[in-house]
Amino acid sequence: MARKKPSWKMLSYGVHSHWDKSSKELPKLKKFTWEIPARLNIEFGYVLNIKQARGKKLEFTIDHPDFIDDKTGEVAAPFCGEMYVRSNDWDFFLGDTLWSPIEDKVGTWTLTTKLDGEVLVKKRFTIKEDNGQFVDWNI
């Protein structure tokens, strides 16, 4: 019997609630958007549902504007990682939280997820200075 081909769909994208990496709970969506206000501790990203891919390697990259890494004093490299899909119906969050100094986080952030080397999603978020345009957002 032929094995089913993996499939995926994006469940949410935008501003999410704070994500506790040690919890099995994924963050909850607060606002669908590709434009994110430059606010401290705001969580943004996307949630994917991946089916029929148990045991396959998932790779992710978060490419961000140039900012200086506090530990090295150099421009920070993109954030990269990998993990293995845990079940045949699996939800996965890829995102980040903005931290101080906020000014060097403004710009384009590109989040990419690959499954066994094949790009599933490559999405751009724009972190924008919060000049009152996001005043009505309850986030």
Side-chain angles (χ1 to χ4, degrees):
M1 183 179 229
R3 186 176 170 154
K4 289 185 178 183
K5 185 177 178 183
S7 64
W8 64 273
K9 67 179 173 179
M10 186 174 293
L11 300 178
S12 65
Y13 61 87
V15 178
H16 287 77
S17 61
H18 177 72
W19 183 43
D20 178 1
K21 293 178 187 178
S22 64
S23 170
K24 289 187 177 189
E25 291 289 318
L26 294 182
K28 303 291 183 218
L29 179 68
K30 290 180 146 187
K31 183 149 182 89
F32 275 106
T33 184
W34 297 113
E35 294 184 343
I36 309 299
R39 295 183 186 165
L40 290 178
N41 302 316
I42 199 166
E43 187 92 36
F44 67 97
Y46 55 73
V47 175
L48 300 179
N49 174 262
I50 303 171
K51 294 186 186 251
Q52 303 303 321
R54 183 177 184 182
K56 294 191 176 285
K57 184 165 72 170
L58 191 77
E59 299 169 274
F60 54 89
T61 304
I62 300 175
D63 204 1
H64 48 73
D66 288 347
F67 61 82
I68 302 300
D69 183 322
D70 291 340
K71 295 176 185 163
T72 66
E74 303 290 327
V75 172
F79 306 130
C80 299
E82 64 182 43
M83 58 180 32
Y84 289 87
V85 177
R86 297 183 187 130
S87 70
N88 277 324
D89 188 358
W90 189 54
D91 291 338
F92 168 73
F93 175 71
L94 180 62
D96 211 335
T97 304
L98 299 179
W99 65 97
S100 186
I102 200 81
E103 298 78 24
D104 62 3
K105 311 309 181 294
V106 171
T108 301
W109 292 61
T110 304
L111 282 59
T112 306
T113 303
K114 296 179 181 179
L115 184 66
D116 278 349
E118 182 181 331
V119 174
L120 296 183
V121 178
K122 184 173 188 173
K123 292 295 181 185
R124 289 178 179 85
F125 289 88
T126 303
I127 310 302
K128 298 179 102 178
E129 288 186 30
D130 191 1
N131 295 330
Q133 64 188 8
F134 302 105
V135 72
D136 61 338
W137 288 26
N138 190 15
I139 52 176

Subject >> Side chains of Val85 and Leu115 in contact at under 4.5 Å (non-hydrogen atoms) >> reply: yes

**OP:** Check whether any side-chain heavy atom of Asp104 lies under 4.5 Å from a side-chain heavy atom of Asp66, and answer yes or no.
**Re:** no

**OP:** Check step by step if side-chain contact (heavy atoms from CB on, under 4.5 Å) holds for Phe44 and Asp96.
**Re:** CA-CA 6 Å; Phe44 67 97; Asp96 211 335; 4.1 Å; yes

**OP:** Find out if a path of hydrophobic residues (ILVMFWY) with successive side-chain heavy-atom gaps under 4.5 Å connects Ile102 to Trp99.
**Re:** yes

Original post:
Could you give the distance from NZ (Lys105) to CD1 (Ile42), rounded to the nearest 0.5 Å?
Top reply: 14.0 Å

Original post:
Linking I/L/V/M/F/W/Y whenever their side-chain heavy atoms sit closer than 4.5 Å, directly or via other members, would Leu120 and Phe79 fall into one cluster?
Top reply: yes

Subject >> Single-linkage hydrophobic cluster, 4.5 Å side-chain cutoff, Leu94 and Val47 together >> reply: no

**OP:** Please report the closest heavy-atom contact between Thr108 and Pro65, naming both atoms and the distance.
**Re:** O-CD, 3.4 Å

Subject >> Validation row, ring centre Phe93 to ring centre Tyr46 under 6.0 Å >> reply: no

Original post:
Of the non-hydrogen atoms in Asp89 and Lys51, which two are nearest, and what is the gap between them?
Top reply: OD2-NZ, 3.5 Å

Original post:
Which heavy atom of Arg39 sits nearest a heavy atom of Asp130, and at what distance?
Top reply: NE-OD2, 2.6 Å

Original post:
Roughly how far, to the nearest 0.5 Å, is NZ of Lys56 from CG of Asn88?
Top reply: 10.0 Å

**OP:** Could you tell me whether the side chain of Thr61 and the main chain of Asp63 form a donor-acceptor pair under 3.5 Å?
**Re:** no

**OP:** Please tell me if the side chains of Leu26 and Trp19 come closer than 4.5 Å, counting only heavy atoms from C-beta onward.
**Re:** yes

Original post:
Looking at side-chain heavy atoms only, is the closest gap between Leu48 and Asp91 below 4.5 Å?
Top reply: no

Subject >> Path from Met10 to Phe32 over hydrophobic side-chain contacts below 4.5 Å >> reply: yes

Original post:
Which pair of heavy atoms, one from Gly95 and one from Ile62, lies closest together, and at what distance?
Top reply: O-CD1, 3.4 Å

**OP:** State, without any angle test, whether Glu43 and Thr97 hold a side-chain donor-acceptor pair at a distance under 3.5 Å.
**Re:** yes

Original post:
Same hydrophobic cluster for Phe125 and Phe67, using side-chain heavy-atom links shorter than 4.5 Å among ILVMFWY?
Top reply: yes

Original post:
So do Leu58 and Met83 actually touch side chain to side chain, heavy atoms under 4.5 Å?
Top reply: yes

Original post:
If you measure from NZ on Lys30 to NE2 on His16, what distance do you get to the nearest 0.5 Å?
Top reply: 11.0 Å

**OP:** Could you tell me which non-hydrogen atom of Gly45 sits nearest to which non-hydrogen atom of Leu111, and how far apart they are?
**Re:** CA-CD2, 4.0 Å

**OP:** Taking Asp69 for its side chain and Glu74 for its backbone only, find out whether a donor-acceptor pair lies under 3.5 Å.
**Re:** no

**OP:** Just do the side-chain contact (heavy atoms from CB on, under 4.5 Å) check on Trp8 and Phe92 with the steps written out, would you?
**Re:** CA-CA 10 Å; Trp8 64 273; Phe92 168 73; over 6 Å; no

Subject >> Shortest non-hydrogen separation from Pro37 to Leu98 and the atoms involved >> reply: O-CD1, 3.9 Å

**OP:** Classify the angle between the aromatic ring planes of Trp109 and His64 as parallel (below 30°), tilted (30 to 60°) or perpendicular (above 60°).
**Re:** tilted

Subject >> Side-chain touch Lys122/Thr110, heavy atoms, less than 4.5 angstrom >> reply: yes

